[in-house]
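Chain naming here is simple, since letters A, B, ... match the order of the sequence lines and numbering starts at 1 in each. Quick caveat, the model's predicted, so the values are computed rather than measured.
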2 protein chains.
Amino acid sequence: MNISMRDLRAFIAVAEQKNFTRAAEQCHLSQSAFSALIQNLESELGVKLFARSTRRVELTAEGKVFADSANRLLVEFALVQSEMKDHVEMRKGRVSVAALPSLAAGWLPVVLKEFRANHPGVSTELADTLSDECLELVRAGRADFALCAAGSDMAGLEAEPLCTDEFYVVMHREHPLARRKSLSAADLLNQPFIHLSHTSSVRQLLDAALHPGRIAGIMEVAHLASVASLVGNNIGISVIPFLALFQFSHPDLVIRPLKEPKIVRTIYAIRLADRPLSVAAEAFLALLKKRRSKIRSELGKDERRH
Amino acid sequence: MNISMRDLRAFIAVAEQKNFTRAAEQCHLSQSAFSALIQNLESELGVKLFARSTRRVELTAEGKVFADSANRLLVEFALVQSEMKDHVEMRKGRVSVAALPSLAAGWLPVVLKEFRANHPGVSTELADTLSDECLELVRAGRADFALCAAGSDMAGLEAEPLCTDEFYVVMHREHPLARRKSLSAADLLNQPFIHLSHTSSVRQLLDAALHPGRIAGIMEVAHLASVASLVGNNIGISVIPFLALFQFSHPDLVIRPLKEPKIVRTIYAIRLADRPLSVAAEAFLALLKKRRSKIRSELGKDERRH
DNA sequence: CACACTTACGATATTCGTAAGGATT
DNA sequence: AATCCTTACGAATATCGTAAGTGTG
């Protein structure tokens, strides 16, 4: 028992035209092939659908019953087809992104806005969280992809570099080091230092780069806003990646590039390996890559605003 | 764009099994043919439905969307199939019969009852009316077939004899002719005669057979019950077909066979030519023919009851 | 190296169209 | 004679299965 949409369309064509020849034309078939098709349909259903006298073709009682059903099935099927098309052409869909708070608060919304304007039917979700949780969301399939740093275990994931992010020293404007144009790791020794929590990728990177034993950490907080406040009150200094600097735009704060060693982290677009993204997610990721040059200029705008 | 139910079943099979090989077995196909089938489906829809790594098969985002639709379509289709089957096997359907009042009041209900008991899902309709209107109902498609006498214009109709119906003289028991065992046309001359209306097939047959000029018609009524009442009051006599005699079972009435000429009418099963009956109507007609031997015995029962 | 999907390719079935047949008006 | 559906039959097409190819764990 195998009936196709074409069979249904053919059936409906005869039912409407009441004529095999015209129905066959409508279906781009020879009349004989068409006749065979209808006969086949009748035998599959086990019912005569048409009463053919040589001069007239009419639906049988059972044919009428089937006509209603066939029409309904065709409509249903057309809806399914159009829904699939909607997804392919991104009039429908869903994109779920996990991103570092720094990206989620700065550059990402700008691109998100553009994407949403272009594809109003596609719903977008954004989870702003630390790298590890970003990766977890991707692994669990709760996010299509993540924009974050690479984690220690990247098995099953595929990471594509999106941009690099340099680290800066932030301190109070009255801090002794504030007069310097740039700073090195040696300058930070014995300075009261505000750390982010160990789970933060920033912290992990700093620990690796700056020999933690020699840094006089005096405090450990979870959120950048806390760091900014502590530094703003001159309780200590900190080292922050460029993308997070928008939280440190304050007259009392001074930002200085950290040189020697220059610390750079890479932000990746990370997704499940061997799993294609949905059409919409693919498109959104493409747009993100297309707009990646604006990452810094967007932040610039943000800083100028303060 | 031609997608078949088989395609949907195959798709659902992989979606559930998450494995082409098992799904192929489930569909009684070789794995390679199955693979081609799915690829074909994907290309027809214009979307990748499955993410195949060599080790795992999963639905893509679009595949999940399609899975819901495919399931729904299959369910819908199964319902359509079962509805068609219901009609073929007469768990559903409709039979509409037009029949002469004499049949509709006597034999027909008995067969109808049997049919309805065997096929409770099939709705039955019965129009009890004179032959001309019976034929009209059949022509208009309002009745599947009619049980009545043949009309003057039988074009487009197909008549199959069902039974014959002989005519009897009915009169009051005190009527002079009541003592006779049988009567001839000559006996009826100059007797006050109760006629049915000209539209009645009975009347037409009598007019043709009994030389109306020589019959002293004194009254013309539409319904047999009126004839019975008039005759019951000894206002006149009448000639009535056997099948209608059940209305004349009364102690005051006497029924005598009419011989010379013996008048016989034929009752036909009449339907549209070149139009098959619905399965249910065909079955009902078959049952009617099978039970036709009971036409007289049913009437006998009726008469015995009085 | 075993498993699982894809590709290649010859074999098999289906489906197609032309042409002839048959029935009706 | 014209119309319209069916049947016959060779041809085109699609589908199938075996077997080889490929990538992964």
S.K.: Please confirm whether the shortest side-chain N or O distance from R52(B) to OP1 or OP2 of dT6(C) is below 4.0 Å.
M.R.: yes

S.K.: Do Q39(A) and S35(A) have a side chain donor and acceptor closer than 3.5 Å?
M.R.: yes

S.K.: Would you indicate what Q39(B) reaches in the nucleic acid, counting non-hydrogen atoms under 4.0 angstrom: base, sugar-phosphate, or nothing?
M.R.: sugar-phosphate

S.K.: Calculate the interatomic distance between R22(A) atom CZ and dC5(D) atom P; express it in whole Å.
M.R.: 8 Å

S.K.: Would you say dA23(C) has OP1 or OP2 under 4.0 Å from some side-chain N or O of S53(A)?
M.R.: no

S.K.: Given atom CG of N2(A) and atom P of dT15(D), what is their separation to the nearest angstrom?
M.R.: 10 Å

S.K.: Given side chains that start at C-beta, do those of E125(A) and V95(A) come closer than 4.5 Å, heavy atoms only?
M.R.: no

S.K.: Using atom CG of L29(A) as one end and atom P of dC5(D) as the other, report the distance to the nearest whole Å.
M.R.: 14 Å

S.K.: For the base of dT18(D), is there a side-chain donor-acceptor partner from S32(B) under 3.5 Å away?
M.R.: yes

S.K.: Quickly work out the E44(A) CD to dT14(C) P distance and round it to whole Å.
M.R.: 11 Å

S.K.: Side chain of T21(B) only, please: which of dC16(C), dC5(C), dG17(D) is the nearest?
M.R.: dC5(C)

S.K.: Looking at the side chain of F20(A), which of dT6(D), dC16(D), dC5(C) is the nearest nucleotide?
M.R.: dT6(D)

S.K.: OP1 or OP2 of dC16(D) sitting under 4.0 Å from any side-chain N/O of R6(B)?
M.R.: yes

S.K.: Below the 4.0 Å mark, does dT6(C) have OP1 or OP2 next to a side-chain nitrogen or oxygen of S35(B)?
M.R.: yes

S.K.: Hey, does N19(B) reach any base, or is it just sugar-phosphate, or nothing, if we go heavy atoms under 4.0 Å?
M.R.: sugar-phosphate

S.K.: Nearest-Å distance, CD (Q31(A)) to P (dG17(C))?
M.R.: 11 Å

S.K.: Please work out whether the ring planes of F11(B) and F50(B) are parallel, tilted or perpendicular, with thresholds of 30° and 60°.
M.R.: tilted

S.K.: To the nearest angstrom, how far is I38(B) atom CD1 from dT15(D) atom P?
M.R.: 13 Å

S.K.: Let me spell it out: for each of D274(B) and F34(A), pick the nucleotide of DNA chain C with the closest heavy atom. Which residue's pick is nearer the 5' end?
M.R.: F34(A)

S.K.: Please report, rounded to the nearest Å, how far the P atom of dT15(D) is from the CD1 atom of I3(B).
M.R.: 13 Å

S.K.: Respond yes when some side-chain nitrogen or oxygen of S30(A) is under 4.0 Å from OP1 or OP2 of dT18(C), and no when none is.
M.R.: no

S.K.: Side chains of N2(B) and S4(A): is there a donor and an acceptor less than 3.5 Å apart?
M.R.: yes

S.K.: Just wondering, do L74(A) and M5(A) contact through their side chains at under 4.5 Å, heavy atoms?
M.R.: yes

S.K.: Select base, sugar-phosphate, or nothing to describe what L37(B) touches, counting heavy atoms under 4.0 Å on all strands.
M.R.: nothing

S.K.: With a cut-off of less than 4.0 Å, is there a side-chain N or O of N40(A) near OP1 or OP2 of dT14(C)?
M.R.: no

S.K.: Confirm from the modelled atom types if R55(B) and dC3(C) form a donor-acceptor pair under 3.5 Å, side chain to base only.
M.R.: yes

S.K.: What is the distance, to the nearest angstrom, from the CG atom on L41(B) to the C1' atom on dT15(D)?
M.R.: 15 Å

S.K.: Just wondering, do L272(A) and F145(A) contact through their side chains at under 4.5 Å, heavy atoms?
M.R.: no

